[in-house]
There are 2 protein chains.
Amino acid sequence: MDLQKQRILIVDDHQMFIDGVKSLLRNQNIFSVVAEALDGKLALEALENQEIDIVISDINMPNMSGIELTKIIKSKYPEIKVIIVSMHNDRDTITEIMMAEAEGYILKNTGKKELFDALNSVSNYGTYYSNEVLSIMMEIVKKEKKSEKAVKNLTEREFEILNLIVQEFSSEEIAEKLFISKRTVDTHRINILNKTNSKTIVGLIKYAIANNLVE
Amino acid sequence: MDLQKQRILIVDDHQMFIDGVKSLLRNQNIFSVVAEALDGKLALEALENQEIDIVISDINMPNMSGIELTKIIKSKYPEIKVIIVSMHNDRDTITEIMMAEAEGYILKNTGKKELFDALNSVSNYGTYYSNEVLSIMMEIVKKEKKSEKAVKNLTEREFEILNLIVQEFSSEEIAEKLFISKRTVDTHRINILNKTNSKTIVGLIKYAIANNLVE
DNA sequence: ACTAAAATAGGTAATGATACTTATTTTATT
DNA sequence: AATAAAATAAGTATCATTACCTATTTTAGT
């Protein structure tokens, strides 16, 4: 008796993409696309109705992202492997995928060969991350460490003042608002500049916006 | 004798997408995918080597965007119809597509039916824009008009200086860089603040970032 | 060639931000 | 109770930004 084919669920809000993956998985006898879903909710319904071994999911979808979907799948069906597929390989995306503990992450410009490599790795060894993704992961590990130190060690008061600065209040106005001396605000200001490695208020605003420290 | 099939070239840096479109265009006798290309350069080569009636192109591609490709196609082969396919339907994208004068614009979550509608419209009437796109176009026409006044009436020089401000150069440094007086830069600065309704440089930076006037 | 818009620049002043230093008081942690 | 971290504040100085005004020269459009 043959080993059973690996049963695959494809999740993507773009029908074209689902068809693309299906066409890549035609004419072979290891994997079988047994279900498809256009969003996370439909994917979860599909998982309740049939046994699935591997989920291939897009990351950007309406209502529920591939990340959220992965987290739910991992908590309800820890034995199911998840491969996330994405257009972009930026830092934020990769970090989120790591957090969600997906077994694989490939880009949408992946060819047939790499898709099979990923599916095989995931169903046998455990994980698959493309070289592109791995090199970005290494960059993150290096860079994130030091920026984390700078970002996170702003004190509560400093955060409060940073927010007021971004809201266009001057040091004097902030002082009035917080019932403290303008000189104190100035001190906080300079400490904030130093901690965020900003030279001027322009850099600080950009930094605050880029790092989501405000709003 | 039959009418010749409409010859289609698909351009996308994601092989999966090309396969998806091809699978949607299987089993019918109006359109025929006779060529595919993974980027704009290869697409232009393909156009030199064979007759094409309709180009279906992705918008986000490395080296040359679908917009740039469309512009080149339109200047060299004005009789070829172009349908742009995109993930997103944001204002900027739609505006650019209008500028490039593509005959059609559909989203990647388009199903078989809409793809055929688009292809038929484009090869017969002339253009096809999905309802989603049309409604966004109307919003643009309404909103863009008023923000245009504030945003767009920055002069080239003012844009240049705004960019340098955002890059954390002081008025003095900007003056040196542009070989003009610091007083001139100051004047520009104040005009920029007025035109963007910003009270302080903090507001200006936020405004510039929010409106994509920089980077 | 004429006109409007844009770019140029200066005077004068007030206000704001930043640099560097020092020091006291509060608050949290062990 | 001791220590460290955070919040408070001020002195002094310099530099940068903004306000309000006026005015000339360049550039582009009809």
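As a basis for the values below, the full set of heavy atoms in this structure was taken, side chains included, without hydrogen atoms, waters or symmetry mates. In what follows, chains are A, B, ... by sequence order, proteins preceding strands, each numbered from 1. No experiment lies behind these values; they were computed from the predicted model shown.
In this structure, B:N191 atom CG and D:dT17 atom C1' are separated by 14 Å, rounded to whole Å. Look at CD1 on B:I180: it is 18 Å from P on D:dT25, rounded to the nearest Å. Distance CD1 (B:I192) to P (C:dA6): 13 Å, rounded to an integer number of Å. Nucleotide D:dA9 holds its P atom 13 Å from the CD atom of A:E176, rounded to whole Å. Rounding to whole angstrom units, CD of residue B:E160 and P of C:dA6 are separated by 15 Å. One atom, CG of A:L204, and another, C1' of C:dA17, lie 12 Å apart when rounded to the nearest Å. Per the geometry, CG belonging to B:L178 stands 18 Å off P belonging to C:dA6, to the nearest Å. If you take CD of A:E156 and C1' of D:dA5, they are 13 Å apart, rounded to a whole angstrom.
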Polar-atom pairs under 3.5 Å, protein N or O versus N or O of nucleotides 18-24 of chain D: list them with distances, or write none.
unit_1: D:dT18; atom_1: OP1; unit_2: B:I201; atom_2: N; d: 2.8
unit_1: D:dT18; atom_1: OP2; unit_2: B:R189; atom_2: NE; d: 3.1

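For B:R157, a side-chain nitrogen or oxygen approaches OP1 or OP2 of C:dT8 to under 4.0 Å. At D:dA7, one or more side-chain N or O atoms of A:T155 fall inside 4.0 Å of OP1 or OP2 (strictly under the cut-off). Taking only side-chain nitrogens and oxygens, A:T184 never comes nearer than 4.0 Å to OP1 or OP2 of D:dT8.
In this structure, B:K5 is not positioned above the aromatic face of B:F31 in the sense of NZ or CZ being under 6.0 Å from the six-membered ring centre and within 45° of the axis.
Under a 4.0 Å N-O distance rule, the pair A:K182/A:E176 does not qualify as a salt bridge. With salt bridges taken as basic N to acidic carboxylate O contacts below 4.0 Å, none links A:R183 and A:E172. Taking the charged nitrogens against the carboxylate oxygens, A:R157 and A:E160 do have a contact shorter than 4.0 Å, which makes a salt bridge.
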Run the side-chain hydrogen bond (donor to acceptor under 3.5 Å, both in side chains) check on B:E168 and A:T200 step by step: do they pass? CA-CA 7 Å; B:E168 292 185 65; A:T200 66; 3.3 Å; yes
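Remark: A:Q167 CD is packed, more than 12 non-hydrogen atoms of other residues, nucleotides or ligands lying under 6.0 Å away.
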Side chains of residues 39-47 of chain A: which donor-acceptor partners sit under 3.5 Å, not counting sequence neighbours?
unit_1: A:D39; atom_1: OD1; unit_2: A:K41; atom_2: N; d: 3.0
unit_1: A:D39; atom_1: OD1; unit_2: A:L42; atom_2: N; d: 2.8

